[in-house]
Structure formats: C-alpha cells, structure tokens
Amino acid sequence: KFRERVLRAYQEKCAMCRLAHRGLLDAAHIIPDSANDGEASVSNGLALCKIHHAAFDQFFVGISPDLRIVVRKRLLEEVDGPMLRHGLQELNGLKITVPRSSALRPSTHSLAYRFSEFERRLLDD
C-alpha cells in the first residue's frame with residue numbers, strides 16, 4: 001500500500017529524474033522504516049527510480065530540507081560513463097519534483113533528519 005500511495009502522489013514519476021516507467025519505480029522511505037520515526041506515510045516517502053533509490057539509500061546522493069539534490073563530492077569528481085554524468089552528477093543542485101498536495105509532500109522533519117545523516121557521512125569523504 002505504501003508503494004501505491006507514494007507512486008500515485010508523485011504521478012508515477014521519479015522525483016529526481018522524472019522517469020515515468022512504473023516497473024522501474026520504487027517507493028523509498030526518507031527515514032528508513034526500521035528507525036523509530038520511519039513510518040510508512042507518503043510524507044516519509046519519495047518515488048524514485050531504482051538507480052536513484054539505491055543512490056539515496058547508499059548516501060551517494062542526499063536531499064536537503066529545501067528539496068535540493070546533493071551529490072557526494074567524491075562522486076562529483078569521478079570520471080566514468082554517461083550514467084554517472086547524466087544520471088547522478090548533473091542532478092547536483094537541482095530540486096526534486098514533489099506532489100501538488102502539500103499534505104503529500106516530503107516532511108521537512110524527515111528530510112532534515114536524513115540529510116543530517118548524509119552530511120555526517122560526507123565527513124568520511
């Protein structure tokens with residue numbers, strides 16, 4: 001049910017790249033469901049394609065409370081193929097797409113919590 005609600009809220013498009021192929025989309029938790037605050041609500045979810053979901057879960061990218069995508073510096077400095085360049089590096093600084101309804105948009109609290117964890121991991125770079 002979580003996946004269905006999140007994908008519907010995001011009009012079945014990845015919040016980062018706008019990919020609109022349902023079979024390639026996931027409902028990602030902002031705060032993991034294993035954490036105390038990790039509820040299965042749309043405001044704690046993002047519709048992400050599989051590559052961006054994995055990058056988000058592995059802290060290769062973060063989403064700031066003001067909805068901006070931040071790519072780890074180490075990843076920005078890498079030289080690889082077009083997937084890295086177009087799929088991740090070029091997203092740095094862009095805003096994610098959010099649901100029209102303010103009630104369904106990502107929780108600022110959830111984003112701040114997750115982004116602080118992302119920043120903490122940046123210290124390892």
Side-chain angles (χ1 to χ4, degrees):
K1 289 185 179 186
F2 173 70
R3 181 178 188 272
E4 293 305 314
R5 291 190 319 262
V6 170
L7 293 187
R8 192 174 329 120
Y10 284 82
Q11 299 179 328
E12 300 196 8
K13 293 179 184 170
C14 176
M16 290 190 191
C17 69
R18 306 342 171 245
L19 180 71
H21 291 275
R22 185 177 176 79
L24 296 175
L25 297 176
D26 292 332
H29 287 83
I30 299 169
I31 298 176
D33 56 352
S34 59
N36 289 338
D37 292 343
E39 57 189 48
S41 65
V42 174
S43 64
N44 186 44
L46 298 165
L48 297 175
C49 68
K50 296 195 180 291
I51 188 76
H52 292 132
H53 186 182
F56 183 72
D57 281 354
Q58 295 297 311
F59 297 96
F60 287 111
V61 299
I63 300 172
S64 66
D66 68 350
L67 308 175
R68 296 230 176 253
I69 301 166
V70 178
V71 178
R72 288 178 79 145
K73 183 180 181 206
R74 179 173 47 98
L75 205 60
L76 289 172
E77 294 170 347
E78 281 185 33
V79 177
D80 197 0
M83 184 61 215
L84 177 63
R85 186 173 58 256
H86 301 300
L88 294 171
Q89 292 170 332
E90 290 177 0
L91 296 177
N92 192 53
L94 299 179
K95 279 193 160 188
I96 63 167
T97 301
V98 296
R100 290 183 182 154
S101 169
S102 59
L104 300 176
R105 290 183 187 150
S107 155
T108 303
H109 164 75
S110 296
L111 288 173
Y113 174 91
R114 177 66 183 224
F115 196 68
S116 68
E117 179 67 14
F118 173 76
E119 289 182 310
R120 185 182 70 73
R121 291 171 185 248
L122 287 179
L123 298 175
D124 297 336
D125 277 356

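Just so it is clear, the model here is predicted, and its values are computed rather than measured.
- The CG atom of Leu67 lies 5.0 Å from the CD1 atom of Ile96; values are rounded to the nearest 0.5 Å.
- Around atom NE2 of His21, no more than 12 heavy atoms belonging to other residues, nucleotides or ligands sit under 6.0 Å away.
- Residues Met16 and Ile63 meet the side-chain proximity criterion, which asks for heavy atoms closer than 4.5 Å.
- Using a 4.5 Å heavy-atom threshold, the side chains of His29 and Ser110 count as separate.
- Two residues are said to be in side-chain contact when any heavy atoms from C-beta on lie closer than 4.5 Å; Pro106 and Val98 meet this criterion.
- Heavy-atom minimum distance, Ser64 versus Leu111: O-CD1, 4.0 Å.
- Side-chain atoms of Arg5 do not come within 3.5 Å of backbone N or O of Val42 as any donor-acceptor pair.
- A cation-pi contact, defined as under 6.0 Å to the ring centre and within 45° of the axis, is absent between Arg120 and Phe59.
- Listed by chain and residue number, nothing satisfies the side chain to side chain donor-acceptor pair (under 3.5 Å) test with Arg100 (two or more places apart in sequence, or in another chain).
- Contact record, Cys49 with Cys14: N-SG, 3.3 Å, taken as the closest heavy-atom pair.
- Here salt bridge (Lys or Arg N to Asp or Glu O under 4.0 Å) pairs that include residues 77-98, with residues two or more places apart or in two chains, are Lys73-Glu77.
- The closest side-chain heavy-atom distance from Leu46 to Val6 is not below 4.5 Å.
- Ser107 places none of its side-chain heavy atoms less than 4.5 Å from the side chain of Ile30.
- A 4.5 Å side-chain heavy-atom check between Phe60 and Val71 finds every atom pair outside the cut-off.
- In this structure, the separation between CZ on Arg72 and CD on Glu119 is 12.0 Å, given to the nearest 0.5 Å.
- By the 4.5 Å side-chain criterion applied to Ile, Leu, Val, Met, Phe, Trp and Tyr, Leu7 is assigned to a cluster that also includes Leu25.
- In this structure, Arg114 contributes its side chain and Phe56 its backbone to a donor-acceptor pair below 3.5 Å.
- In this structure, the side-chain contact (heavy atoms from CB on, under 4.5 Å) partners of Ser41, at least two apart in sequence or on a different chain, are Glu39, Ser43, Asn44.
- Within a 6.0 Å radius of OH in Tyr113, other residues, nucleotides and ligands contribute 12 heavy atoms or fewer.
- Two residues are said to be in side-chain contact when any heavy atoms from C-beta on lie closer than 4.5 Å; Val70 and Val61 fail this criterion.
- The side-chain heavy atoms of Leu19 and His52, taken from C-beta on, include no pair separated by under 4.5 Å.
- Taking each heavy atom of Ala47 and Tyr10 in turn, the nearest pair found is CB-CB, 3.4 Å.
- Pairs passing the salt bridge (Lys or Arg N to Asp or Glu O under 4.0 Å) check and including a residue from residues 55-71, sequence neighbours excluded, do not occur.
- The hydrophobic cluster containing Leu75 also contains Leu91, counting ILVMFWY residues as joined when their side-chain heavy atoms lie under 4.5 angstrom apart, directly or transitively.
- Listed by first then second residue, pairs satisfying salt bridge (Lys or Arg N to Asp or Glu O under 4.0 Å) with a partner in residues 8-36 read Glu4-Arg22, Glu12-Arg22, Asp26-Lys50, not counting sequence neighbours.
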